[in-house]
Amino acid sequence: MTEKRKYIILLGDGMADRPMGELGGKTPLEVADTPNMDRMAGDGVVGLARTIPEGMALGSDVANLSVLGYDPAVVYTGRSPIEAAGMGVDLGPDDVAFRCNLVTLGLPGEDGPDTALPHGDVDPRWIMVDFAGGHPNGSEAASILETLTENLAGDGIEFHPGVSYRHLVVWRNGLDSLEIAPPHDLTDQPVGTGWPRGEAADMVLDLMKRSVRVLPENRVNRARVRSGENPVNAIWLWGQGKRPHIAPFRERYGLDGAMITAVDLLRGLGVSIGFCVVKVPGATGYLDTDYAGKASAALSAMDKVDLVYLHVEAPDEASHDGSLENKLRALEDFDAMVVGPVLEGMESRGKPFSALVMPDHATPLAIKTHSGEPVPFAVLASENAGNGSGLNFSERSAQSTGLILDRGHELMGRFIAGKL
């Protein structure tokens, strides 16, 4: 009897980039020391996949839906309803969920933005200094959410705590007719360029204005100002939508799965498609995440399910910060502490497996936000090790193969069927 194959997907959020002058025209993936991803590419199949369909939002929600094998054009209703599922927040058919970022705004000035905002009205000329509000830790975020709930909740508005700067607002029986820019698209720009427009704009603006009035007095923010850190002086709502209806992964592909991630968006995707969600203590969604803990959790989950989806956020966060040093570090840490140990663990079992490594989307350092070009992937089947492309893992190598999947959501089915 043939042993059942196992599947592992290693997702480095935002790993893909563009050639950079300071790297001699190479990308971070071409420069970073990533021997394990290079081995997957060299011994396996390499190609490109367009994970974000033309005309859709350039987000991790859309891109990861594609990687998971779902057509975003068919099932996508918004980012925040997916995050709500990951946080265990129930949505009725007419409820609207919003991502609530804790952010730092600043007044424009000759010496840079001043984050000591006045307590008056929000001005569209204010600058988005930090879309992550200085990455508050768990206790800091809890204090800030308490202040927001005490002062802004009610009349159908609820605040639900997430992780660090990522939280959730639910508007019961609300409106979702709204266009508003993601805060990471506004870094160093006047917030008015991404001002909300549409039927729900007045509610969003009102909450943001009121947050600016109450957050400066929060004890965490007073302490952060004293220590020279960015205060959380405003909220930014975005990614709104109503509850989606997504078919279970087992129904589509005949496999049970597990999701390993530190962010609510990916947890929500896991919950929405019927995966078990494995929480790893020490997984932060940032550069200090517990890479080794995630790798160990993935190998343990393989004893219970057919497919594991292991997501690491760090490369994307480094890209949003515009830090080449941190992006290279994130790529090398992902390779050394996740990709290598997972491959070694799978190979030591002596059983058939297939592994896929890829980003969900590109997050070029030059623009500090997501872009929509196709991203590289590499697939290694255990029985084919040593008989592959001979290439390294990079955007340029993937382009050279001519294997380009314009309908990125078809990659999952081909990966499972071994038809790449």
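Both backbone and side-chain heavy atoms feed into the values below; hydrogens, waters and symmetry mates do not.
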Quiz item: Backbone N or O of M208 within a donor-acceptor pair of the S211 side chain at under 3.5 Å?
Solution: yes

Exercise. Determine yes or no for a side-chain-to-main-chain donor-acceptor pair under 3.5 angstrom, with D335 supplying the side chain and L331 the backbone.
Key: no

Quiz item: Does the D130 side chain pair with the main chain of A132, one donor and one acceptor, at a distance under 3.5 Å?
Solution: yes

For residues 408-420, please give each side-chain donor-acceptor pair under 3.5 Å, one per line with the distance, not counting sequence neighbours.
| from | atom 1 | to | atom 2 | distance (Å) |
| --- | --- | --- | --- | --- |
| E410 | OE2 | R407 | NE | 2.7 |
| R414 | NE | K419 | O | 3.0 |
| R414 | NH2 | K419 | O | 3.4 |

Quiz item: What pairs meet the ring-ring contact (aromatic ring centres under 6.0 Å, His included) rule with one or both residues in residues 326-367, with sequence neighbours excluded?
Solution: H361-H370

Practice problem: For D71 and S66, indicate whether the former's side chain and the latter's backbone hold a donor-acceptor pair under 3.5 Å. | Solution: no

Quiz prompt | Side chains of D360 and T51, donor plus acceptor under 3.5 Å | solution = no

Pair up each side-chain donor or acceptor in residues 266-282 with any protein partner under 3.5 Å, not counting sequence neighbours, and list the distances.
| from | atom 1 | to | atom 2 | distance (Å) |
| --- | --- | --- | --- | --- |
| R267 | NH1 | D264 | OD1 | 2.8 |
| S272 | OG | G268 | O | 2.7 |

Quiz prompt | Distance (rounded to the nearest 0.5 Å) between H167 NE2 and L148 CG | solution = 8.5 Å

Exercise. Check ring pair (Phe, Tyr, Trp, His ring centres under 6.0 Å) between Y253 and all other residues, then give those that pass, not counting sequence neighbours.
Key: F249

Quiz prompt | L168 vs F159 side-chain heavy atoms within contact, under 4.5 Å | solution = no

Exercise. Determine, for R329 against E325, whether the closest basic-nitrogen to carboxylate-oxygen distance falls under 4.0 angstrom.
Key: no

Exercise. Work out which heavy atom in L178 is nearest to a heavy atom in P196; give both atom names and the distance.
Key: CD1-CB, 3.7 Å

Quiz item: Is atom NZ of K26 surrounded by more than 12 heavy atoms (other residues, nucleotides or ligands) closer than 6.0 Å?
Solution: no

Quiz item: With distance as the sole test, does D38 use its side chain to make a donor-acceptor pair with the main-chain N or O of F393 at under 3.5 Å?
Solution: yes

Quiz prompt | Check: V46 main-chain N/O paired with T401 side-chain donor or acceptor under 3.5 Å | solution = yes

Quiz prompt | Residue pairs passing the ring-ring contact (aromatic ring centres under 6.0 Å, His included) test where at least one lies in residues 283-306, sequence neighbours excluded | solution = H135-Y286

Quiz item: Any side-chain donor paired with an acceptor under 3.5 Å for Y76 and D61?
Solution: yes

Quiz prompt | Listed partners of W238 passing side-chain hydrogen bond (donor to acceptor under 3.5 Å, both in side chains), at least two apart | solution = N101

Quiz item: Does P53 reach the side chain of V62, with side-chain heavy atoms less than 4.5 Å apart?
Solution: yes

Quiz item: Taking atom types as modelled, is there a side-chain donor on S371 or E373 under 3.5 Å from an acceptor on the other?
Solution: yes

Practice problem: For Q189, look at atom CD and say whether over 12 heavy atoms of other residues, nucleotides or ligands are found less than 6.0 Å away. | Solution: yes

Quiz item: Between K327 and D17, does at least one N-O distance fall below 4.0 Å, as a salt bridge requires?
Solution: yes

Quiz prompt | Check ion pair K6-E347 (N to O, under 4.0 angstrom) | solution = no

Exercise. Indicate whether any N or O donor in one side chain lies under 3.5 Å from an N or O acceptor in the other, for S400 and S397.
Key: no

Quiz item: Is it the case that R5 and S354 place a side-chain donor and acceptor less than 3.5 Å from each other?
Solution: yes

Self-check item: Side-chain donor or acceptor of E30 paired with backbone N/O of T27 under 3.5 Å
Solution: yes

